Structure formats: structure tokens, C-alpha cells
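Data block below; observations after.
Throughout, protein chains are lettered first and strands after them, A, B, ... in sequence-line order, and every chain is numbered starting at 1. Only a predicted model underlies this, so the values are computations on that prediction, with no experimental measurement involved.
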2 protein chains.
Amino acid sequence: MIRTIILGYLKYQPMTGYDLKQNLDHSISHFWHAHHSQIYTTLRKMEEEGLVTSEIIPQNGSPDRRVYTITPAGRKEVEDWLNQPMTTASTIKEEFLVRIFFSAERDPQEVIAELILQRKLHEEKLHVYLQLQEHLQNKIQKEFPQLARDVTFWLSTLRMGMRFEKMYMEWLDETLNEIQRLNEQK
Amino acid sequence: MIRTIILGYLKYQPMTGYDLKQNLDHSISHFWHAHHSQIYTTLRKMEEEGLVTSEIIPQNGSPDRRVYTITPAGRKEVEDWLNQPMTTASTIKEEFLVRIFFSAERDPQEVIAELILQRKLHEEKLHVYLQLQEHLQNKIQKEFPQLARDVTFWLSTLRMGMRFEKMYMEWLDETLNEIQRLNEQK
DNA sequence: ACCTCCATGTAAACTGTTACATGATTCA
DNA sequence: TGAATCATGTAACAGTTTACATGGAGGT
């Protein structure tokens, strides 16, 4: 997956591993996170496979920048992937739900404290998404009108992020109430 | 993670790798999926580490069953994990959002078709959750009253699943409308 | 005759995370 | 003086997926 994401970005313009990491961290990382180590090694591997080429740009002081450019073969790989529709619903991996699943015997007060903490964390995420949305709408869309169509799609994924966080918070509230009720019954 | 999940299950009763797989497939797999190969190898590793013990139960015909039992050290591992509250919001990996993120240049009709297919798939998932909910409420909860408290927590995770699928469907509808609008403008 | 279920495993490949490692510049 | 940013990489490990492999029992 990270290969496709890198290629998808390089379709816009040549970039270094560092640039890619910066870009990811403010966009796709919200639904597909990657460490810089993975990005650098994947870029090297893709260069061997002829999907990207690289050129070293010397810097005054500090390490040289290695700028990667997508090749026609690289373009083909992303496009083939995009043209092959997804026929399954993606499976999620949600550690917090695993915890709740096995929490029946835990001290309810500790479970409640954990739910409250999660609520705070998800609220913060929602806040980040709201700011990103504003940034996309008020800066990117105006400064780069040629990206208008792309921004529409980026905003869609952001709206999913916001829906997700709101839904998560509602569920946390619901679960909190339920555990409190369970506690009072005894 | 799969280690903890296995231990969490073995706390209820001794089980074989096969049993674990069956159980997972109808519960936790909705938010943490595992293949049988991983379960079998993890069980072996955990036996070496003293977290579980195994006993072979011969079958008439067909392979023997290897039944795993949790040890005190195993119990401690799950409990320690549960007592250490989670202090981050889990990061999601949602392949479909990656696709949407990079879909600006795709043929809108194909994107729309893919959204419609996803909608169907998520509707089916919701349906499965509804059936599981009914099963938990009307069978398990009545046949095993000693599990009442556990069932409450299991139902909570199911409700998250249902909220998630509903939210996803709403987002798909929203996105579908938006792409259609985008298309008509041109 | 064929499919599904029961039941177990190994091996290889792929993917992802954590830790180690360096070093200049800029800002508080 | 110390932290953050720019900029790159390697190595070891952990976790996950895919493919290969076997074979009886019971139902259609």
C-alpha cells in the first residue's frame, strides 16, 4: 500500500523522502500512517524496480536532497491499481475495541477513566480535521485553483475522518453511560 | 495483539487453535482479523514462553486436537495489558480512503460504481452485525446467564460496528452525490 | 463424485515498527 | 544552551498474509 501512496504523490511532482513524509503527515496519515524509515527503504526498492528515478541535489551544509521522480512504469502501477475497483469492505483493526471486548472483569472506574481519556483524544482528532478542512478550503483551494478537483476528493476523505470521530465520541458517551448504569445496579 | 486476544479467549476456557479461529471469526475478527496460520504459530510460541500449556486429545479418525490452557503467567500478561490504559487514539488504515484520495483524475462513472459497490458491502456488514446482536441478546444471554456482564461488553463493541457501518454508508451517499454534482457542472 | 467441515501445521514473503546513527541550522 | 527543523539512512525485529500441504467424515 505504501508503494501506491508514494507513487500517487509523486504523480503530482518530484519529491524527496522527507517531503513525502511531511505531506503524508498532514493528509493520508490520518487513514494510513507510515514511518520515515519505511518511506526511504520503499523508495530505494522502487528505484531498483524502475518505478521511480532519483537525482541528488546538493545542499549548502546539511545532507543532500535525493529527489525522486515517477517513471512511466510507476504511473502505470498507480493507475492500474486505481482502475481495479475494490470489491471488499476494508477490515479495520481497532485495538481499543479489543480492550473493551475483554473488559468485563476490570474495575469499572478504570474502564470509565479510559473511556473519558479516549473521548478527549478523539475530540482532539476532530479538531485537527476541522482545521485541516479550513486550510484546504481557504488556502489550498484559492492558491492552487488547478487543484480544485483534487481538493474535492481530499475534502471527502477529511469528511469521513470527521464523521468517524463524531461517531466514535457518540459511542464512547453511550458506552460510558452503560457502564455507569451497570455499576449502579449492583 | 493477537497474543493478547488469544489469551483473553483462553481465560474463558481451554481451546484448540481451531476453536479460537471459529470464535474469533464470529466476534473480534470484525475489528481484529487473524488467519489460522498466525493463530497456530502464536500458540506454539506462547507455549515455549510458558503462557499456555497444551494437551493432545486423540480423535477417532481425523487429526488430534491440541487443546491449549492458559497458565498463571498467561493470565498475568492479559491482565497487565488491560490494566495499562491506552493513552493514544488508535490509527486507522482504510484502503478505500486512499483510493478516494487519489481518484480526482479517474473516470467519475467508475468511481461512482465503486462507491455503490462499497455501499452494498457495508450494508451487508451492518446486516451481519444486526444478526449477531440478536444472537447475543436472545441466545447467549439467556443460555449463559453467568456471562451477562461479558455480553454487555461484547454488545458494546457490536454497537460500535453498527455505528461504523451506518456512518460509512452515510458518507458513501454524501460522496456519491458530490461526485455526481461535480460531473454535472462540467 | 464433489463440496464442506473438521483439524493441523510449515515456509516464504511481505509489511510495518523501533531503535540506532549523524550533523548542520535556526529560533527562543 | 537546548530544542526543533531539515535531511538521510541502516538494522533488527515483530507482525501479518499467502501459499503449500494433508486427510478423514458426512452430506447432496
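Applying the 6.0 Å contact sphere to NZ of B/K11 captures more than 12 heavy atoms from other residues, nucleotides or ligands. Within a 6.0 Å radius of CD in A/E49, more than 12 heavy atoms belonging to other residues, nucleotides or ligands are found.
Between A/D64 atom CG and C/dA24 atom P there is a gap of 14 Å when expressed in whole angstrom units. Residue A/M15 contributes atom CE, which lies 17 Å from atom C1' of D/dC6 at whole-angstrom precision. Per the geometry, OH belonging to B/Y18 stands 13 Å off P belonging to C/dT4, to the nearest Å. Look at NZ on A/K93: it is 11 Å from P on C/dG16, rounded to the nearest Å. Whole-Å rounding puts the B/W32 CH2 to D/dT16 C1' distance at 10 Å. In this structure, NE2 of A/H33 is placed 11 Å from P of C/dG16, rounded to the nearest angstrom. The CD1 atom of A/I2 sits 16 Å away from the C1' atom of D/dT16 (whole-angstrom rounding).
Remark: side-chain polar atoms of B/T157 are not paired, donor with acceptor, to backbone N or O of A/F101 under 3.5 angstrom. Judged by distance alone, with hydrogens and angles left aside, the side-chain atoms of A/S54 form no donor-acceptor pair with the main-chain N or O of A/V67 at under 3.5 Å. Of the possible polar contacts, one joining the A/Q118 side chain to the B/T88 backbone as a donor-acceptor pair under 3.5 Å is found. Not one N or O on the side chain of B/N183 forms a donor-acceptor pair closer than 3.5 Å with the backbone of B/Q180.
When distances run from any side-chain atom of B/T16 to the nucleotides C/dT17, C/dG9, C/dT8, the shortest one goes to C/dT8.
Aromatic rings of A/Y40 and A/Y18 (six-membered ring for Trp) have centroids beyond the 6.0 Å cut-off, not under it.
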Indicate every side-chain donor-acceptor pair of residues 160-176 of chain A with a distance under 3.5 Å to a residue at least two apart or in another chain.
from, atom 1, to, atom 2, distance (Å)
A/R163, NH1, B/E170, OE1, 3.2
A/R163, NH2, B/E174, OE2, 3.1
A/E165, OE1, A/H122, ND1, 2.5
A/Y168, OH, A/E94, OE2, 2.6
A/E170, OE1, B/R163, NH1, 3.2
A/W171, NE1, A/T175, OG1, 3.3
A/W171, NE1, B/S156, O, 2.8
A/D173, OD1, A/R119, NE, 2.6
A/D173, OD2, A/R119, NE, 3.3
A/D173, OD2, A/R119, NH2, 3.0
A/E174, OE1, B/R159, NE, 3.1
A/E174, OE2, B/R163, NH2, 3.0
A/T175, OG1, A/W171, O, 2.7

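For the segment residues 19-30 of chain B, no residue has any heavy atom less than 4.0 angstrom from an atom of DNA chain C. Within residues 35-48 of chain B, the residues having any heavy atom closer than 4.0 Å to DNA chain D are, in order of number, B/H35, B/S37, B/Q38.
Residue A/R66 has no polar side-chain atom (N or O) positioned under 4.0 Å from OP1 or OP2 of D/dT8.
Grouping the Ile, Leu, Val, Met, Phe, Trp and Tyr side chains by contacts below 4.5 angstrom, directly or via other members, places B/V78 with A/L97.
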